[in-house]
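Heavy-atom basis, side chains included; hydrogens, waters and symmetry copies ignored.
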Amino acid sequence: MAFQSIGQRLGFVSAGDAYRALERKVRRMESASKAKDAKLAEKDNALAEKDNALAEKDNALAEKDETIEKQEREIAELKAKLAEMQK
């Protein structure tokens, strides 16, 4: 057991003890803050990844839409040529 002065045994707290307790509290709060910051950073990264995945899907859909439009134009052109050839 650590040495205790008579004042400590009677419940008095020295300025040094109060300062060390305050330092411990600050360190705990800082580590908790860092942990929360790390969790928030992970969530931000996950959201960024989801955003990138959605953007890629949007690009893929846009390319498909362009391909479909191109095919529809080609079909319309071919129908027009067929109509001309039947006249």
Rounded at 0.5 Å granularity, tell me how far CD in Glu74 sits from CD in Glu77. 7.0 Å
Working to the nearest 0.5 angstrom, can you tell me the gap between Ile75 CD1 and Leu82 CG? 13.0 Å
What distance do Glu23 atom CD and Arg27 atom CZ have between them, rounded to the nearest 0.5 Å? 6.0 Å
If you round to the nearest 0.5 Å, how far is OG1 of Thr67 from CD of Glu63? 7.0 Å
Point-to-point distance, once rounded to the nearest 0.5 Å, from CG of Leu78 to CE of Met85: 10.5 Å
If you measure from the Lys or Arg side-chain nitrogens to the Asp or Glu carboxylate oxygens, is any gap between Asp37 and Lys34 under 4.0 Å? no
One should read off an interatomic distance between Met29 CE and Lys36 NZ, to the nearest 0.5 angstrom, of 9.0 Å
To which residues is Phe12 joined in a hydrophobic cluster, defined by side-chain heavy-atom contacts under 4.5 Å among Ile, Leu, Val, Met, Phe, Trp and Tyr, whether direct or through other members? Ile6, Leu10
